[in-house]
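Structure first, commentary second.
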Amino acid sequence: MQTGAHDRILAAIRAIPRGQVAGYGEVARRAGLPGRARMVARLLSHNDDRRLPWHRVLRSDGRIAFPADSPQFAEQVQRLRTEGVRVEGGRVRGIRAAPTLDEQVWGTPG
DNA sequence: CTGGTGACAAACT
DNA sequence: CAGTTTGCCACCA
């Protein structure tokens with residue numbers, strides 16, 4: 001069977017290690033869909049799977065993709081902090097939303 | 001078909 | 001740094 005695009009996206013999201021994060025564009029790239037960051041976003045907006053680590057997906061600049069006053073924002077922050085991710089001012093500190101997860105694998109420079 | 005929208009990104013100011 | 005503009009693609013009225 002041919003893996004659908006959304007299946008690869010979901011797989012890429014599930015592949016994000018615990019305690020780490022990835023950007024929408026990064027997820028799309030790992031799913032073999034460069035430039036389809038918005039497709040990832042649309043998929044997550046329609047997703048209802050609670051087991052999916054959606055909270056590990058951030059914007060490219062490390063910001064949370066929800067308004068700071070939204071309940072989803074609060075839940076994402078709480079989930080990230082539970083995994084040891086430092087979140088401050090609605091943005092993830094420490095680990096940058098690396099353009100490529102390879103950098104995280106090999107040790108993020110800087 | 002056109003036009004508007006969105007859990008976005010990169011370049012630019 | 002932050003704010004704006006442009007490019008992008010899937011979906012819908």
Side-chain angles (χ1 to χ4, degrees):
Chain A
M1 62 186 190
Q2 299 179 357
T3 344
H6 51 296
D7 291 325
R8 296 197 302 258
I9 293 176
L10 293 175
I13 294 176
R14 294 194 196 97
I16 304 174
R18 193 173 185 275
Q20 292 197 13
V21 295
Y24 289 88
E26 168 56 22
V27 169
R29 184 176 297 216
R30 273 171 84 73
L33 303 165
R36 308 302 187 270
R38 307 181 77 168
M39 189 175 174
V40 176
R42 195 187 77 79
L43 209 81
L44 283 180
S45 67
H46 281 259
N47 129 306
D48 47 348
D49 192 345
R50 285 293 249 207
R51 309 151 314 191
L52 192 72
W54 55 270
H55 53 278
R56 295 175 193 158
V57 186
L58 311 171
R59 282 198 173 185
S60 61
D61 54 5
R63 271 190 201 275
I64 306 269
F66 293 107
D69 54 6
S70 71
Q72 298 232 54
F73 178 94
E75 183 174 352
Q76 185 163 10
V77 171
Q78 199 154 6
R79 279 189 173 215
L80 287 172
R81 283 180 176 162
T82 301
E83 297 188 354
V85 178
R86 183 148 82 95
V87 187
E88 202 173 294
R91 106 174 30 164
V92 169
R93 300 282 189 174
I95 49 182
R96 237 181 170 127
T100 60
L101 286 181
D102 302 329
E103 290 186 4
Q104 294 182 5
V105 175
W106 290 97
T108 316

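All figures in this text were calculated on a predicted structure; none of them were measured in a lab. Proteins get letters first, then strands, A, B, ... in listed order; numbering begins at 1 in each.
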Check your understanding: Does the base of B:dG6 carry an N or O that pairs as donor and acceptor with the side chain of A:R38 under 3.5 Å?
Key -> yes

Practice item. Check whether any side-chain nitrogen or oxygen of A:R42 sits under 4.0 Å from OP1 or OP2 of C:dC11, and answer yes or no. Key: yes

Review point. Between A:L33 (CG) and C:dC8 (C1'), how many Å, whole number?
Key: 13 Å

Review point. Rounded to whole angstrom units, what separation is found between the CG atom of A:D61 and the P atom of B:dA11?
Key: 14 Å

Revision key, fill the gap. Paired with A:V27, the side-chain contact (heavy atoms from CB on, under 4.5 Å) test is passed by just one of A:L33, A:L58, A:I9, A:L10, namely A:I9

Exercise for review: Check the distance between C:dC1's P and A:E88's CD and give it to me in whole angstrom.
Suggested key: 12 Å

Exercise for review: Write down the distance between CD1 (A:I13) and P (B:dA7), rounded to a whole number of angstrom.
Suggested key: 14 Å

Review point. Is the backbone of A:Q78 close enough, under 3.5 Å, to the side chain of A:T82 for a donor and an acceptor to pair up by distance?
Key: yes

Check your understanding: For A:E26 and C:dC8, what is the distance between atoms CD and P respectively, to the nearest whole Å?
Key -> 20 Å

Point to revise | Atom pair distance, as rounded to whole Å: CZ in A:R93 and C1' in C:dC1 | key: 10 Å

Check your understanding: Say you pick atom P in B:dA7 and the same atom in C:dT6; how far apart are they, in whole Å?
Key -> 22 Å

Practice item. Let me know the distance between CZ of A:R50 and P of B:dA7, rounded to the nearest Å. Key: 17 Å

Check your understanding: Taking NE2 from A:H46 and P from B:dA7, how many angstroms apart are they, rounded to a whole number?
Key -> 8 Å

Side chains of residues 34-48 of chain A: which donor-acceptor pairs under 3.5 Å do they make with residues two or more places apart or in other chains?
unit_1 : atom_1 : unit_2 : atom_2 : d
A:R36  : NH1    : A:P34  : O      : 2.8
A:S45  : OG     : A:R42  : O      : 2.5
A:N47  : ND2    : A:D49  : O      : 3.4

Study note, to complete from the structure: DNA chain C nearest-nucleotide lookup for A:R36 and A:R63: closer to the 5′ end is A:R63

Which atom pairs, donor and acceptor, lie under 3.5 Å between side-chain atoms of residues 83-92 of chain A and protein residues at least two apart or in another chain?
unit_1 : atom_1 : unit_2 : atom_2 : d
A:E83  : OE1    : A:G19  : N      : 3.0
A:E83  : OE1    : A:R56  : NE     : 3.0
A:E83  : OE2    : A:H55  : NE2    : 2.9
A:E83  : OE2    : A:R56  : NE     : 3.1
A:E83  : OE2    : A:R56  : NH2    : 2.8
A:R86  : NH1    : A:E88  : OE1    : 2.8

Exercise for review: Identify whether any heavy atom of A:R91 sits under 4.0 Å from a base atom; if not, whether one sits that close to sugar-phosphate; answer base, sugar-phosphate or nothing.
Suggested key: sugar-phosphate

